[in-house]
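Down below is the structure, laid out as structure tokens.
Residue numbering restarts at 1 for every chain, and letters A, B, ... go by the order of the sequence lines.
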Amino acid sequence: MKEKELRRSLAVLPIGTVMKLANLTARQIRYYEEQGLSHPERNAGNRRMFSLNDVDRLLEIKDYLAAGINIAGIKEIYAQQQQKAKQQAADLARPLTDNDVRQILHDEFLNIGGFKSKHGPEFPTH
DNA sequence: ATTCTGACA
DNA sequence: TGTCAGAA
């Protein structure tokens, strides 16, 4: 399930191919990058190289624009998304709380009694 | 042949 | 956003 993500992020498409896949002009594709909405890679010859994820991102931008959202609005949407992503990353790295400890001790108790805990890993192991 | 950047009758 | 120029 991780091999797939890797392929989708491989930048192997030149702008010409992306133009056809997304129905966008080179001008538009370059402009969206200029506005910080997409970040295609560059090859040795300074040519933009897109991944399938990049294409999806372009299609997404296209939809937002069609929905009447301007560039500034799209920027805010992505800003909030990465903001929540950081929050979730922080939650994942959060230290154990008193409730976590109680849960752990509770599970230990059940295990000793010969019962199986139906809880999965939900706290930092280190 | 393709793509890149910069500029604007 | 289109389009043309000059370069890579």
ask   = Do you know the tightest heavy-atom contact between A:N53 and A:E5?
value = ND2-O, 4.4 Å

request  = Show your working on side chain to side chain contact (heavy atoms under 4.5 Å, CB included) between A:Q83 and A:Q87 and close with a plain yes or no.
outcome  = CA-CA 6 Å; A:Q83 182 175 283; A:Q87 180 57 56; over 6 Å; no

task = Please determine, by modelled atom types, if A:N46 and A:R42 share a side-chain donor-acceptor pair under 3.5 angstrom.
result = yes

query = Would you find a donor on one side and an acceptor on the other, under 3.5 Å apart, between the side chain of A:T17 and the backbone of A:L13?
reply = no

query = So, the side chain of A:R57 versus the backbone of A:L37: is there a donor-acceptor pair under 3.5 Å, distance only?
reply = yes

key: Distance-minimising heavy-atom pair for A:G73 and A:N70   = N-OD1, 2.7 Å

ask   = Under a 4.5 Å cut-off applied to non-hydrogen side-chain atoms, are A:L24 and A:M19 in contact?
value = no

ask   = For every nucleotide of nucleotides 4-9 of chain B, 5' to 3': is a protein heavy atom under 4.0 Å from its base (B), only from its sugar-phosphate (S), or from neither (-)?
value = BB----

ask   = Between which nucleotides of DNA chain C, 5' to 3', does chain A make heavy-atom contacts below 4.0 Å?
value = C:dT1 to C:dA8

ask   = Between A:K62 and A:A22, is there a donor-acceptor pair closer than 3.5 Å when you use the side chain of the first and the backbone of the second?
value = yes

inquiry  = Restricting to side-chain hydrogen bond (donor to acceptor under 3.5 Å, both in side chains), what partner residues turn up for A:E33, sequence neighbours left out?
reply    = A:R48

ask   = Under 3.5 Å, is there a donor-acceptor pair linking the side chains of A:Q103 and A:N99?
value = no

key: A:D54 side chain to A:P40 backbone, donor-acceptor under 3.5 Å   = no

task = Treating a pair as Watson-Crick (purine N1 to pyrimidine N3 plus N6-O4 or O6-N4) or G-U wobble (N1-O2 and O6-N3) with both distances under 3.5 Å, list the stems of 3 or more consecutive pairs that involve DNA chain B.
result = B:2-8 with C:2-8

ask   = What's the shortest heavy-atom distance between A:P95 and A:D100, and which atoms?
value = O-OD2, 4.1 Å

request  = Check each residue of residues 18-25 of chain A for a non-hydrogen atom within less than 4.0 Å of any atom in DNA chain B, then write out the ones that pass by number, or none.
outcome  = none

key: Nearest-0.5 Å distance, CD1 of residue A:I71 to CD1 of residue A:I61   = 7.5 Å

query = For DNA chain B, which residues in residues 58-77 of chain A have a heavy atom at a distance below 4.0 Å?
reply = none

query = Strictly by modelled atom types, are A:E60 and A:Y78 linked by a side-chain donor-acceptor pair under 3.5 Å?
reply = yes

task = May I ask you to test the A:N23-A:L59 pair for a side-chain heavy-atom distance under 4.5 Å?
result = no

